[in-house]
Amino acid sequence: MSQTASQSIEPPADGVPPHRYTPALAQEIELAWQDRWEAEGTFHTPNPVGRLSEGFDRVADRPKAFLMDMFPYPSGAGLHVGHPLGYLGTDVTSRFLRMDGHNVLHPMGYDAFGLPAEQFAVQTGQHPRVTTEANIAAISAQLRRLGVDHDTRRTFATIDPGYYKWTQWIFRQVFESWFDPETDKARPITELVTELDAGTREPAPGTLPEGRSWAQLTDVERRRVVDAHRLAYLHEAPVNWCPGLGTVLSNEEVTADGRSERGNFPVFRRPLTQWMMRITSYAERLLTDLDRLDWSDSLKQMQRNWIGRSTGARVRFAVAEETVEVFTTRPDTLFGATYLVLAPEHPLVGTLTAGAWPEGTDPRWTAGAATPAEAVAAYQRQASRRSELDRQAEGREKTGVWLGVTARNPLTGADLPVFIADYVLTGYGTGAIMAVPGEDARDWDFASEFGLPVVRTVQPPADFDGGAYTGTGPMINSSNEQLSLDGLDKVAAIAKVTEWLVATGAGEATTTYKLRDWLFSRQRYWGEPFPVVYAVDGEDAGLPVAVPESMLPVLLPEVDDYSPKTFADDDADSAPEPPLSRATEWTTVTLDLGDGPREYRRETNTMPNWAGSCWYYLRYLDPADDERFVDPELEAYWMGPRGPGDVGGVDLYVGGVEHAVLHLLYARFWHKVLFDLGHVSSEEPFRRLVNQGYISAFAYTDARGFYVPAAEVVEKDGQFLYQGEPVNREYGKIGKSLKNMVTPDEMIGQYGADTFRVYEMSTGPLDQSRPWETKAVVGSQRLLQRVWRVVVDEETGDVRAADVAPDDDTSRALHRAIEAVRDGMTTLRFNIAIARITELTNHLTSTCPPGTPVPRSVAESLVLLVAPLAPHLAEELWARLGHDGSVAWASFPVADPQWLVDDTVQVAVQVNGKVRAQVAVPADADAAALEAAARADEKVAAQLAGKTVRRVIAVPGRLVNFVVA
RNA sequence: GCCCCCGUAGCCCAAUCGGCAGAGGCAGGCCCCUUAAAAGGGUCCCGGUGUCGGUUCGAACCCGACCGGGGGCACCA
């Protein structure tokens with residue numbers, strides 16, 4: 001039965017036709033259809049198997065399409081008009097693909113662990129779950145009012161124990177794995193133990209106690225060796241400690257100026273034992289697989305930069321009894337290396353430091369200290385206490401101290417003083433460099449400061465004005481009895497010196513990455529607890545043990561105080577203290593993990609909020625599955641590769657570019673681990689990714705520089721006035737602080753959701769940023785009114801569609817619109833789709849004036865074309881046209897090619913590139929026919945008279961160009 | 001400093017393979033409807049594609065340099 005929604009509505013104001021599509025009618029229609037969609041489960045997507053498989057036979061022969069938005073963090077601030085842009089983009093695509101014969105999965109969820117809810121809880125004493133759930137309800141209502149087609153049965157939040165149970169389960173998988181460099185993939189840790197026991201594999205370098213073999217180790221010692229191989233491991237290292245937030249942060253969460261991405265507090269380097277994830281093992285795969293993804297170039301570039309692959313060589317220098325290994329991208333400049341620099345935290349610093357300064361040591365090298373040890377200790381202390389911010393503020397002036405020892409340059413035999421300096425970073429390369437001041441600007445600065453020699457090994461151009469020369473040129477000063485690089489270019493010199501390094505055992509070619517392992521511990525309450533305990537007593541005390549799968553989830557305990565201990569922003573000496581450590585009855589637990597009941601201490605850190613977003617796309621496939629994190633059959637159906645070599649993954653993922661090196665890198669990493677372990681069939685989580693643009697808005701300041709309410713500013717003769725006074729216009733983010741907030745609720749109240757949707761989609765391609773302009777929304781309202789008027793008589797309310805054949809012009813207009821709308825939908829350029837719909841509507845408005853019938857086939861096609869964009873209006877019109885089912889499941893029109901070509905076309909005739917005439921020719925006219933038709937035109941003939949035609953270019957269907965002398 | 005993206009009408013944006021610069025919307029002018037206003041309908045207006053040079057029969061599109069805007073990275077050896 002057809003249901004229509006307009007019966008109960010108030011009559012419109014005087015003079016307005018009684019059946020006009022007014023905002024009030026739009027509201028009525030929208031609310032009615034939203035209720036009906038929910039009641040009928042219109043957007044329930046059937047799975048091929050399992051709990052959600054009812055109705056699958058209806059879609060079994062359809063190709064699948066899995067579309068997603070980056071799920072929102074349910075903040076209390078609510079949505080402004082910028083937020084829905086991406087959600088609407090996936091919604092329009094989802095509705096289009098469903099109508100075009102796909103089985104479409106378009107779910108939504110909530111990323112609900114995280115700082116703001118916890119900070120709010122600290123202020124109010126209310127449990128973060130309470131505020132978070134209230135915010136989720138509010139956003140969910142806003143989304144429903146927009147008319148999006150989410151399958152709400154699949155909605156969940158990352159704070160649901162039924163979800164974070166599996167987040168913990170995945171952590172276990174990562175913990176119980178190691179990365180096998182030979183196969184370049186993750187494998188179960190049990191296989192490592194088997195190979196070590198069998199002697200078929202050696203432990204990774206640096207993991208064995210000095211001078212011992214695996215066979216000689218005790219069980220506890222072996223545990224430590226194995227733990228050092230895990231993909232999730234405890235590690236003591238300098239970390240980003242943020243006293244203002246009371247937690248440590250990952251590198252990705254620290255901004256370039258050394259502050260926290262959230263809250264903008266200073267961050268300090270501080271050694272701490274923390275959970276790390278070995279993402280660096282995947283650096284190469286994360287890099288090369290970018291080429292297999294349908295992502296924007298800029299986003300791929302950002303990930304490439306972050307991974308930061310560089311190729312070069314490792315070179316070993318003898319220093320006293322020790323060997324210092326450096327990394328360099330310029331091994332060709334080895335003849336120019338005049339000193340070495342280690343990072344202040346380099347492990348060999350203590351061993352290498354000499355007992356006393358030699359006679360006559362340059363005072364600049366000692367920092368005024370009596371002994372090298374004192375100088376080193378003071379410098380290390382200073383380096384560790386300085387925040388990244390301080391380092392920037394000091395203008396990168398080079399500082400450092402000499403260790404009192406020298407290394408030997410393997411090529412020149414020269415003695416190279418060995419320094420520590422904070423311009424060399426621990427954790428990148430080997431944490432040590434050979435300094436070549438002639439060809440490196442930083443080394444040049446340091447050498448100038450410390451009076452160190454400079455040897456140029458690349459010939460600078462004649463007009464070079466000094467300093468480090470980093471350009472190209474022939475090698476100079478680079479030969480001895482063993483090796484000559486002189487005259488070679490950079491590439492040849494690198495090849496030759498690398499060969500020599502390998503031959504003499506002094507080094508080898510290598511690759512390094514800027515990417516660091518992922519710091520995975522947070523000292524917060526509102527996050528997933530680690531499924532990890534530590535034995536309290538016994539030889540294995542303090543070693544981590546994963547909580548068995550059967551004991552998951554490890555529930556977040558209730559506590560009285562949610563706050564982490566925070567400190568003064570600049571208190572570099574403070575140390576983190578997790579809130580869970582105060583939940584004493586929770587932290588200590590007696591468990592039987594196979595060797596009888598023992599007392600254990602729980603891990604009291606929590607996971608970063610990226611954990612929940614690392615795999616949520618998989619959980620949409622069945623969020624209620626209590627047996628496994630995802631059913632492999634569902635994963636294969638929705639995510640699996642389409643063929644050999646295909647990476648698989650979500651078919652369209654839309655979200656903000658701000659996650660380029662956070663969420664998007666972490667999720668790829670986890671997905672690859674799950675792939676290696678055989679839990680998923682897809683190699684990548686997100687096949688196609690689009691960053692939606694941002695919506696900004698104008699803001700206005702008065703003479704004092706204060707923001708005034710943007711909504712009350714009027715434009716007059718190019719001037720902007722607020723209460724009669726001129727104001728200054730700026731362009732910026734939408735928000736309360738700029739007093740330019742506009743909410744979707746206001747726009748929906750004023751125009752209806754369909755108008756709001758069409759407006760947002762009409763202002764540009766999805767990935768383009770654009771300004772918000774409230775006064776322009778009326779254009780979309782007018783379009784929908786005209787669409788309505790084409791189908792419904794405004795005076796009588798009768799449907800105007802009649803079974804008459806459209807004329808040829810109308811058929812051409814229709815089929816061209818269909819073709820263009822399909823193209824716009826596929827390429828996410830909804831602005832073009834809307835423009836073509838507008839053209840078709842305008843055509844129908846003028847050819848079928850009020851009171852005349854509209855060809856039914858055309859009216860129905862128009863309704864189908866607008867259905868993805870303005871779904872409520874389309875449902876209403878579809879029903880009034882006599883259809884029972886939802887238009888969401890009707891077939892999207894297909895253009896008939898016969899109407900896409902004209903019988904005759906107008907082609908331009910150019911003479912020497914200037915258009916001189918238009919001639920009409922049959923559409924299929926070939927070049928010769930075109931030329932003949934052009935020559936037959938009088939204007940052309942006049943232009944050509946008395947001239948020599950040297951060349952004729954005729955492009956069928958386009959133009960003819962005569963090139964004359 | 002290095003890398004990436006983008007400059008078309010007052011504004012937002014189109015333009016298939018290099019082929020007549022203009023689809024759509026906003027704003028503005030005029031007309032119709034209307035007692036009037038609003039709403040609605042119709043119609044018109046405005047730029048030669050940031051600048052300079054090159055390739056080409058032909059350039060918004062390709063190449064080079066520059067200018068302007070946005071973004072990413074940055075003591076990464």
Side-chain angles (χ1 to χ4, degrees), chain A residues 12-17 20 22 256-257 296-306 308 310 312 326-330 333 341 391-392 396-398 421-425 427-436 439-443 445-446 470 512-516 657 660-661 715 718 758-759 762-765 768-783 785-786 789 794 820 823 829 831-839 841-842 845-846 849-850 906-918 950-955 957-964:
Chain A
D14 284 350
V16 175
R20 171 158 293 174
T22 59
D257 56 355
S296 73
D297 287 338
S298 62
L299 198 70
K300 288 184 183 182
Q301 198 59 38
M302 284 165 71
Q303 290 216 346
R304 283 192 195 105
N305 286 343
W306 191 260
S310 16
V326 308
F327 171 72
T328 178
T329 57
R330 295 292 304 275
T333 63
V341 186
R391 288 174 55 160
Q392 302 260 325
R396 290 178 181 170
E397 250 172 49
K398 295 292 181 287
D422 65 1
Y423 84 94
V424 173
L425 308 175
Y428 180 74
T430 61
I433 63 159
M434 63 179 212
V436 187
E439 278 91 30
D440 183 281
R442 298 153 300 187
D443 297 345
D445 292 345
F446 189 89
T470 55
T512 64
Y513 303 88
K514 287 202 293 189
L515 185 69
R516 311 293 163 84
V657 72
V661 291
E715 184 180 356
V758 169
Y759 172 71
S762 70
T763 47
Q768 182 152 330
S769 292
R770 62 204 79 169
W772 176 265
E773 209 178 351
T774 296
K775 67 178 183 184
V777 178
V778 67
S780 301
Q781 166 78 8
R782 288 179 189 145
L783 169 63
Q785 280 183 349
R786 291 200 296 273
R789 196 178 299 123
E794 287 189 325
D823 182 56
R829 295 183 302 162
N831 53 323
I832 298 176
I834 292 167
R836 295 289 106 79
I837 289 170
T838 306
E839 279 181 285
T841 306
N842 291 349
T845 300
S846 59
Q906 294 284 324
V907 300
V909 182
Q910 296 178 338
V911 178
N912 281 349
K914 289 205 164 54
V915 178
R916 298 297 186 188
Q918 299 278 334
R950 300 173 68 169
R951 198 170 155 193
V952 180
I953 295 101
V955 184
R958 298 222 179 263
L959 57 57
V960 185
N961 187 13
F962 292 97
V963 183
V964 302

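Chain A is the first sequence line, chain B the second, and so forth, proteins listed ahead of strands; every chain is numbered from 1.
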Starting the side chain at C-beta, find the nucleotide from [options] nearest to [X].
| X | options | answer |
| --- | --- | --- |
| A:Asn305 | B:G19, B:G72, B:C26 | B:G72 |
| A:Arg20 | B:C75, B:G40, B:G19 | B:G40 |
| A:Gln301 | B:C4, B:C26, B:G19 | B:C4 |
| A:Met302 | B:G19, B:G72, B:C75 | B:G72 |
| A:Leu425 | B:A77, B:C26, B:C57 | B:A77 |
| A:Thr838 | B:G41, B:G24, B:G19 | B:G24 |
| A:Lys775 | B:A27, B:A14, B:A77 | B:A27 |
| A:Trp306 | B:C4, B:C73, B:C26 | B:C73 |
| A:Ile433 | B:G19, B:A77, B:C4 | B:A77 |
| A:Ile832 | B:G40, B:A14, B:A77 | B:A14 |

Upstream residue (5' side of RNA chain B) when A:Arg516 and A:Glu839 are each assigned their closest nucleotide: A:Glu839
Position toward the 5' end of RNA chain B (nearest nucleotide), A:Gln781 or A:Asp297: A:Asp297
For [N], does OP1 or OP2 lie under 4.0 Å from any side-chain N or O of [X]?
| X | N | value |
| --- | --- | --- |
| A:Thr22 | B:A39 | no |
| A:Asn831 | B:A14 | yes |
| A:Tyr759 | B:G25 | no |
| A:Arg789 | B:G40 | no |

Taking any strand in view, what nucleotide pairs with [N] in a Watson-Crick or G-U wobble way, both distances under 3.5 Å?
| N | answer |
| --- | --- |
| B:G7 | B:C67 |
| B:A23 | none |
| B:C2 | B:G72 |
| B:U16 | none |
| B:U43 | B:G29 |

Nucleotide [N], atom [atom2] - distance to [atom1] of [X] in whole Å:
| X | N | atom1 | atom2 | answer |
| --- | --- | --- | --- | --- |
| A:Asp445 | B:C75 | CG | C1' | 9 Å |
| A:Tyr513 | B:A77 | OH | P | 13 Å |
| A:Arg782 | B:A27 | CZ | C1' | 10 Å |
| A:Phe962 | B:G19 | CZ | C1' | 15 Å |
| A:Asp440 | B:A74 | CG | P | 17 Å |
| A:Leu515 | B:C73 | CG | P | 14 Å |
| A:Lys398 | B:C75 | NZ | C1' | 5 Å |
| A:Trp772 | B:C13 | CH2 | P | 14 Å |

Contacts of [X] that satisfy salt bridge (Lys or Arg N to Asp or Glu O under 4.0 Å) - sequence neighbours left out:
| X | value |
| --- | --- |
| A:Arg829 | A:Asp823 |
| A:Arg782 | none |
| A:Asp443 | none |
| A:Glu773 | A:Lys775 |

Report yes or no: does A:Gln785 contribute a side-chain atom to a donor-acceptor pair with the main-chain N or O of A:Thr22 at less than 3.5 Å? no
Once you apply a heavy-atom cut-off of 4.0 Å, does [X] come out as touching a base, just sugar-phosphate, or nothing?
| X | answer |
| --- | --- |
| A:Arg950 | nothing |
| A:Pro765 | sugar-phosphate |
| A:Thr512 | nothing |
| A:Leu959 | base |
| A:Ala835 | base |

Whole-Å [atom1] distance, [N] and [M]:
| N | M | atom1 | value |
| --- | --- | --- | --- |
| B:C63 | B:A9 | C1' | 28 Å |
| B:A74 | B:U56 | P | 45 Å |
| B:C44 | B:C73 | P | 50 Å |
| B:C75 | B:C12 | P | 36 Å |
| B:C5 | B:G25 | C1' | 26 Å |
| B:C45 | B:G22 | C1' | 14 Å |

On the 0 to 90° scale, with breaks at 30° and 60°, tag the A:Tyr428-A:Phe327 ring pair as parallel, tilted or perpendicular. perpendicular
Between the protein and nucleotides 9-12 of chain B, list the N/O to N/O atom pairs that are separated by less than 3.5 angstrom.
from  : atom 1 : to       : atom 2 : distance (Å)
B:C12 : O2'    : A:Thr763 : O      : 3.0

So, does the side chain of [X] form a donor-acceptor pair with the base of [N] at under 3.5 Å?
| X | N | result |
| --- | --- | --- |
| A:Arg829 | B:A14 | no |
| A:Lys514 | B:C73 | no |
| A:Asn961 | B:C57 | yes |

Taking syn as any angle within 90 degrees of 0 and anti as the rest, which one fits B:G48? syn
Tell me if B:C13 is syn or anti. Syn = glycosidic torsion within 90° of 0, anti otherwise. anti
Walk me through it: do A:Asp440 and A:Arg330 pass the test side chain to side chain contact (heavy atoms under 4.5 Å, CB included)? CA-CA 10 Å; A:Asp440 183 281; A:Arg330 295 292 304 275; over 6 Å; no
Can you sort out the partners of A:Thr845 under side-chain contact (heavy atoms from CB on, under 4.5 Å), two or more places apart, ordered by chain and number? A:Arg786, A:Val790, A:Thr841
For the residue pair A:Val777 and A:Trp772, establish whether any side-chain heavy-atom pair is separated by less than 4.5 Å. yes
Can you measure from [atom1] ([X]) to [atom2] ([Y]) and round to the nearest 0.5 angstrom?
| X | Y | atom1 | atom2 | value |
| --- | --- | --- | --- | --- |
| A:Arg836 | A:Asn831 | CZ | CG | 9.5 Å |
| A:Gln768 | A:Thr763 | CD | OG1 | 8.5 Å |
| A:Thr328 | A:Glu439 | OG1 | CD | 10.5 Å |

